[in-house]
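Every chain is numbered from 1, with letters handed out A, B, ... down the list of sequences. Since the structure is predicted, the reported quantities are computational estimates derived from the model, not experimental observations.
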Protein chains: 2
Amino acid sequence: MAAREAQARQETGRKRADARRNEQTLLDAAAAVFVESGVDAPVRDIAARAGVGMGTIYRHFPTRADLVVAVYRHQVEACAEAGPVLLANSESPYAALGQWVDLFVDFLVTKHGLAAAMQSDGDGFDTLHAYFLDRLVPVCALLLDAATEAGEISIDLPAAVLMRGIGNLCIGGDRDPRYDARQLVGLLLAGLRRTRSL
Amino acid sequence: MAAREAQARQETGRKRADARRNEQTLLDAAAAVFVESGVDAPVRDIAARAGVGMGTIYRHFPTRADLVVAVYRHQVEACAEAGPVLLANSESPYAALGQWVDLFVDFLVTKHGLAAAMQSDGDGFDTLHAYFLDRLVPVCALLLDAATEAGEISIDLPAAVLMRGIGNLCIGGDRDPRYDARQLVGLLLAGLRRTRSL
DNA sequence: CTATTATGCGGAGCGTTGTTCCGTTTGTCA
DNA sequence: TGACAAACGGAACAACGCTCCGCATAATAG
């Protein structure tokens, strides 16, 4: 009996029942508010939406970055796992890189303000930065290296730098409807490609 | 006599002497604070540095964008004027475009936070946005069109979109020393270039 | 079922920043 | 010099991030 309870605790996180409930409520509320007002939405709004106090939100998610990471963890994970699959199924590493980058760009542009938050210095966004890059840069490096070895890419660019560049290109195209992050990122990748003959 | 005074007023802006003095003081203080703390520095800091009250700064520069524009107007102007000159002196329009873009990138990356401010939505940054783009987009378009007509560029990209993309790439490379905005912008331009043969 | 404990909760409150507003000062001109 | 408009200074308000502590309540033992 004691053993079963202990196991149940481990599975759910070893926290009090109301704490677990609130954590989930907060995640749902945050996801909803992020869609409505972007990831920069006031913390108070999220707390209000979830029907909890300020203290609660900060106890569960010490920084806003922790909350953002928790909300989007699934999608980031999916994106990371898609990398090797694309590499295996595409006709060339460069094509796989292009498809994977499209996935990443689609993810970023559909999350209002996320791209901007990912680049912002200082504050408490270090966590977000760390998680996103730790998870995705190796995948990007895998594809990049494969393309380089296949002779499709001539320039030696660190994957982290490429990721940051892509992230930057995904910032704020709300003003000009002609701004298409996908297109510009495509151009960036095209520039990376080995120049054939002359 | 009356005529001469009227002319003097027109030249200097038709304002009271202390107002003119304060405007200059504010510009100097802002320039100093911008290099120290970036263009996002608190308005209070600038006021304090200039030794004036909050009211004064807001009367002269209703929004932060007005102040930023005033501080960097000279450099933006110089950049704009360099466009046609480069076009005339370079061996090819595409080369001129590359050199001009380098000028613009150098300007942006040396102004801490300016690139980020230029893209930020809402707030009172509309002025900044308007001025920078109104002044520089036509120049960029001139070079872009010339390169297109020369057959050096195959993709049809609005100059405003290219400018925004370049601006985005200039954001925050402070974290990773390997991040080089110039290099990435170079890749973007390379991607724009017509692919020779195959 | 009740008592005890410690875990979690709520929201008032502080610090920072942007922005406004108005009583006071000061340049200007007759 | 005196009167008036122009300009000034900074208190004050609003929005936000974040902390802190008294209170509620789930978990546990008897």
Side-chain angles (χ1 to χ4, degrees), chain A residues 1-6 8-10 12-26 29-30 33 37-68 113 117 120-128, chain B residues 1-6 8-10 12-26 29-30 33 37-68 113 117 120-128:
Chain A
M1 193 60 171
R4 186 188 294 178
E5 277 177 9
R9 276 189 188 168
Q10 270 197 348
T12 51
R14 191 176 289 177
K15 290 187 290 194
R16 241 169 67 171
D18 53 349
R20 255 179 291 131
R21 233 180 307 124
N22 274 329
E23 182 164 340
Q24 189 55 50
T25 305
L26 274 171
V33 172
S37 321
V39 297
D40 296 322
V43 183
R44 280 174 173 80
D45 289 0
I46 301 171
R49 175 74 156 247
V52 305
M54 300 290 304
T56 303
I57 203 170
Y58 276 101
R59 194 167 324 99
H60 285 288
F61 306 100
T63 78
R64 183 208 299 286
D66 292 311
L67 187 52
V68 174
S120 92
D121 287 343
D123 296 340
F125 283 86
D126 298 331
T127 308
L128 190 152
Chain B
M1 190 64 168
R4 186 187 294 177
E5 278 178 7
R9 276 190 188 168
Q10 271 196 348
T12 52
R14 191 177 287 179
K15 288 188 292 192
R16 241 169 65 172
D18 54 349
R20 256 180 290 130
R21 232 180 308 122
N22 273 328
E23 183 164 339
Q24 190 54 51
T25 306
L26 274 171
V33 173
S37 320
V39 296
D40 296 323
V43 184
R44 277 173 175 78
D45 289 1
I46 301 171
R49 175 76 154 244
V52 305
M54 301 291 304
T56 302
I57 201 170
Y58 275 101
R59 193 166 324 98
H60 286 288
F61 307 99
T63 76
R64 184 207 298 285
D66 292 309
L67 187 52
V68 174
S120 93
D121 288 342
D123 296 339
F125 282 86
D126 298 331
T127 307
L128 190 152

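Counting to the nearest Å, the P atom of D:dG17 and the CG atom of A:Leu67 are 12 Å from each other. One atom, CZ of B:Arg59, and another, P of C:dT26, lie 14 Å apart when rounded to the nearest Å. In this structure, CZ of B:Phe61 is placed 14 Å from C1' of D:dA7, rounded to the nearest angstrom. In this structure, CD1 of B:Ile57 is placed 13 Å from C1' of D:dG10, rounded to the nearest angstrom. Computed from coordinates, the B:Arg64 CZ to C:dT19 P distance equals 7 Å when rounded to whole Å. Straight-line distance from the NZ atom of A:Lys15 to the C1' atom of D:dT25: 17 Å, rounded to whole Å. When rounded to the nearest whole Å, the span between CG of B:Asp18 and C1' of D:dA6 equals 8 Å. For the pair A:Asp40 CG and D:dG17 P, the interatomic distance rounds to 9 Å; values are reported in whole Å.
Nearest heavy atoms, B:Thr127 versus B:Ala65: CB-CB, 3.8 Å. B:Gly53 and B:Ala47 make their closest contact through O-CB, 4.1 Å (heavy atoms, listed as atom of the first residue, atom of the second, distance). Shown here for B:Leu26 and B:His60, the closest heavy-atom pair between the two residues is CD1-CD2, 4.0 Å.
Counting only distance, with no hydrogens or angles, the side chain of B:Asn22 and the backbone of B:Ala19 share no donor-acceptor pair below 3.5 Å.
Considering only side-chain atoms of B:Ala19, the nucleotide from D:dA7, C:dG11, C:dC9 that sits closest is D:dA7. In this structure, of D:dA26, C:dT20, D:dG17, it is C:dT20 that holds the atom nearest to the side chain of B:Met54. In this structure, of D:dC8, D:dA7, C:dG10, it is C:dG10 that holds the atom nearest to the side chain of A:Val52. When distances are taken from the side chain of A:Tyr58 to each of C:dG8, C:dT17, D:dC18, the shortest belongs to D:dC18.
Side-chain contact between A:Val43 and A:Leu67 is absent, with no heavy atoms from C-beta onward closer than 4.5 Å.
Residue A:Thr56 is the one, among A:Thr56 and B:Pro42, whose nearest nucleotide of DNA chain C lies closer to the 5' end (criterion: closest heavy atom). Both B:Arg16 and B:Gly55 lie close to DNA chain D; mapped to their nearest nucleotides by heavy-atom distance, the more 5′-ward contact belongs to B:Arg16.
At D:dA7, none of the side-chain N or O atoms of B:His60 fall inside 4.0 Å of OP1 or OP2 (strictly under the cut-off). For the pair A:Asn22 and C:dG8, the criterion of a side-chain N or O lying under 4.0 Å from OP1 or OP2 is not met.
Scanning atom types as modelled, one donor and one acceptor separated by under 3.5 angstrom connect the side chain of A:Arg44 and the base of D:dG17.
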